[in-house]
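Everything on this sheet refers to the single structure shown next.
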Amino acid sequence: MKFGAQLEQYELPEWRGHYMPYKALKKALGRLTPQPLTEEVVEADQLQRRGSEELLLAETDWCGRVSSEALRVGDFVNRGLQGLDDQVHQLSLMVDGLRTDADEEYILEIKDEHAGPANPEPSSPKSADDKKKKRTKDKDCQDMEIRIMEGIGRVMEGMQNLRSFAELNHAALYKILKKHDKQLGLQNGLTFLFPKIVDESRLGDMSRFDALHTKLRELSLLSSHTEGLDASPEVARLAAGLGFKGSAPQGSSQNELLISFFFGVSISFLLSLILLLWLPAREAKTFSACYFMAPFPVFRVVFSVLLGLWCLGFIAMACDKAQINHMFILRVDPKCRVTSDWFFSRASMLTTLWILTFGMYVIDYKWEVLPTVWSKIGYNKRSSVHFLLYPSILLTCTFAGLLMPSVVCRNRYKFGVLGAVGRTVAAPFFPVDFGDNIVGDVLTSLSKPMQDIPAATCYLFQSHPQTEDMLERFAIYGHTCDDTTMKFVLPLIAGLPYWWRGLQCLRRYRDSVASKNTDIKHLFNFGKYMACLGVVLAGVICPTRIGVVAVVSVVATAYAGFWDLAIDWGLGYDDLVPSSTCWPRPSSGSDNSSSPGTSAGGRLRRLTSGGSGDEMPEQNGQNGRSRKPGRYLSRRVYWACSILDIMLRCTWVFTLIPPHIITMNIVWRVVWVSVISSAEVVRRSMWAVLRIENEQLSNASGFRALLWVPKRLNAGARRRPSIENQDLHAPLLKSESH
């Protein structure tokens, strides 16, 4: 294999364009020999004596280009190492903080033991609150140790990638200069230029990587999980239960094949299903659109679950592509290895099952494939009990697929999600972290899909075949539930998520007041959710007064849309409108450094608990006093997301209004409910990516005490422009403005 092809094979995709342009230099070298040279022509002065002054100048320019490219690559390596060293420094501060806190606690315990006998009164036992605080603190310290090990793994991965990058470019430099000497019949390439360029660019200096590896090794052995272990950082990570960083999980290739297969099958089935729905039914006189669509709430419940899996996979994939450390921001267990592949694989299998089952139901009802059962007591002779089997089997298989044991998504992670939902429901009684914040917002978007749960329950547990009275109710309201469910249960499901989310805002405001860092923004956020709750109340109390419903809906939509763009996403004028200055990108190092006077131990406790300290305003910029670092995504993405968010917000408000207010046509009503429910789930997934990005960049809600977030080394690296049209001495990465 030629070296040019080998170089492309070993290039990291995220750094493609930053390597030595071997092929371009080789092509330029070929233009230096317009005519064959004899073996006697070996010196530059001989070339001049032959009248090849232009060729000599071109060869000198080519050597300067090689030198410039090597210096550029060396500068990239130097900055990468500096960024890694900064991250190691931050990790060291965290370890020192943990050790300092542990030493202080040990000293206090020793003092208490010595002071005990001198006290004539027996010491009272610790209160339940003190014990609970101690358990929480111990758990936070253990969790932080795991996160430190995760950060060490990320730095180790970046160091290995950077070392491979330097070695590959070192080899490319040698190969191109060797080809230069061979093609021109010279000897100065390897004997003079090569050692000079290697020394200036430091591409051959591997001692820097060895020193960094030593620091990481010492740091990894300070954890309580590796006590008494004398081994490499990789072994220390395995001992802590984190696995190999950056290695593909076992079976990943099989997962990709499985996802591709089920995705292709789903597309083909979906096209066939659309055709089946379009075709006319057999014996149109006995065909009832209401009877046919009565089980649709059950199918919609399952479809909403599947759409949620697809959206979760999209969020994980988008965050990984944009170098957003969503696992750290959401405080997910560092040992968790659930990736977008897991969500996509489950979603693909269950989506195929959904389309297949729904298609069988359509075929059976429209063309009467199976014989009817108890049709005499139903609506007409097409009625049958066996139609109940399709949604029942689909619902059972779907939840069995979700609860099926997995070596990747373990039960403790599923219970963790349920715990976050429970804390959201009991919002005033639990502190709110960023994960609970996201769960609360997601529940507000699921208000319409959750309204299908009572309708699906009514269909599944009512008598079958369905009677004419049930179908009349379905034609009017879109479900077969009684008046109590329609008047109380459905509005309660629509409004409770906004009430819970509002209580979370009040709890955050109370906590900010208690920490003497009052943030009135939480009260305005509470007002937003109350405005959304007003839409639900308007649709229930005065559904016929369209003007009142429209005014409340417009206010809630404008309020929520502005909050999405300006607060949740943190988009400003500079983020949407190009300026004369370049768009800064996050550097390969840490996002921000902590102030020297801040206690590392205190920062770590707040980092794990989601609290805020007195020094928060100076560090997180939540009050707008500090400039936020550069964004990860392009302006086109922010413009597209902003427009889509506003458009989908306009349809979102209809999810809170009873559908029979919109239209009385049962077919269009079912289609309308399905579309707007799905659109809101998709909008929320798009919102989540930009919300997590803003939280990582600016700590907008103050859930962390430090802006520093461990991320990949290549975050923010740009593709290098072509060397044909750019200055070879231009810096590879733009410096950030602070």
Side-chain angles (χ1 to χ4, degrees), residues 289-308 354 358 361 387-396 398-399 402 418 421-422 424-425 440 442-501 532-533 535-541 543 652-664 666-667 669-681:
C290 291
Y291 201 104
F292 173 64
M293 291 185 292
F296 276 26
V298 185
F299 287 111
R300 274 204 306 264
V301 168
V302 177
F303 181 79
S304 298
V305 173
L306 304 183
L307 183 61
W354 185 91
F358 185 65
Y361 169 75
F387 292 130
L388 179 65
L389 296 176
Y390 295 103
S392 301
I393 293 175
L394 177 62
L395 192 65
T396 303
T398 299
F399 284 98
L402 291 176
L418 294 178
V421 175
T424 302
V425 173
V442 169
L443 288 178
T444 61
S445 294
L446 295 178
S447 59
K448 192 63 180 180
M450 286 192 298
Q451 285 183 306
D452 284 327
I453 295 178
T457 304
C458 292
Y459 174 82
L460 292 174
F461 291 97
Q462 284 177 341
S463 60
H464 289 271
Q466 293 187 312
T467 61
E468 185 175 358
D469 294 340
M470 297 179 184
L471 298 184
E472 288 179 356
R473 290 191 60 81
F474 185 85
I476 297 175
Y477 302 113
H479 56 79
T480 58
C481 298
D482 55 19
D483 293 337
T484 302
T485 302
M486 185 188 68
K487 292 180 179 179
F488 298 102
V489 177
L490 295 182
L492 200 63
I493 292 177
L496 273 178
Y498 297 94
W499 177 249
W500 295 333
R501 187 67 185 90
C532 298
L533 188 59
V535 178
V536 179
L537 296 177
V540 174
I541 297 174
W652 151 86
V653 75
F654 291 108
T655 64
L656 307 179
I657 302 175
H660 60 272
I661 297 180
I662 308 301
T663 176
M664 293 302 297
I666 182 61
V667 177
R669 191 189 310 154
V670 170
V671 174
W672 173 256
V673 171
S674 303
V675 171
I676 62 174
S677 300
S678 303
E680 173 58 15
V681 175

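Computed from a prediction, not measured in an experiment: that's the story for all the values here. Sequence positions, counted from 1, serve as the residue numbers for this chain.
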Shortest non-hydrogen separation from [X] to [Y] and the atoms involved:
X    : Y    : value
R501 : G440 : CD-C, 3.7 Å
V298 : A456 : CG2-CB, 3.6 Å
L490 : Q451 : O-NE2, 3.0 Å
K448 : S677 : CG-OG, 3.0 Å
P454 : V489 : CG-CG1, 3.9 Å

Please list, chain by chain and in numerical order, all residues satisfying side chain to side chain donor-acceptor pair (under 3.5 Å) with T480, sequence neighbours excluded.
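In terms of side chain to side chain donor-acceptor pair (under 3.5 Å), with neighbours along the sequence ignored, T480 is linked to Q462.
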
F299 and Y390: aromatic ring centres closer than 6.0 Å?
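Ring-ring flag for F299/Y390: false, centres at least 6.0 Å apart.
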
Do F474 and Y459 have ring centres separated by under 6.0 Å?
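No, the ring centres sit 6.0 Å or more apart.
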
Judged by atom type as modelled, is there a donor-acceptor pair below 3.5 Å linking the side chain of [X] to the main-chain atoms of [Y]?
X    : Y    : value
R300 : I453 : no
H479 : C481 : yes
S447 : T444 : yes

List for me each residue that meets disulfide bond (SG atoms under 2.5 Å apart) alongside C290, sequence neighbours excluded, and say none if there are none.
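For C290, no residue satisfies disulfide bond (SG atoms under 2.5 Å apart) once neighbours in sequence are set aside.
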
Take F387 and F292 through the test ring pair (Phe, Tyr, Trp, His ring centres under 6.0 Å) and record every step on the way to the result.
CA-CA 9 Å; F387 292 130; F292 173 64; 9.2 Å; no

Using 4.0 Å as the upper bound for N to carboxylate O, is an ion pair formed by R473 and D483?
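Yes, charged N to carboxylate O under 4.0 Å.
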
What's the separation between atom CD1 in I493 and atom OG1 in T485, rounded to the nearest 0.5 Å?
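With rounding to 0.5 Å, CD1 (I493) is 9.0 Å from OG1 (T485).
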
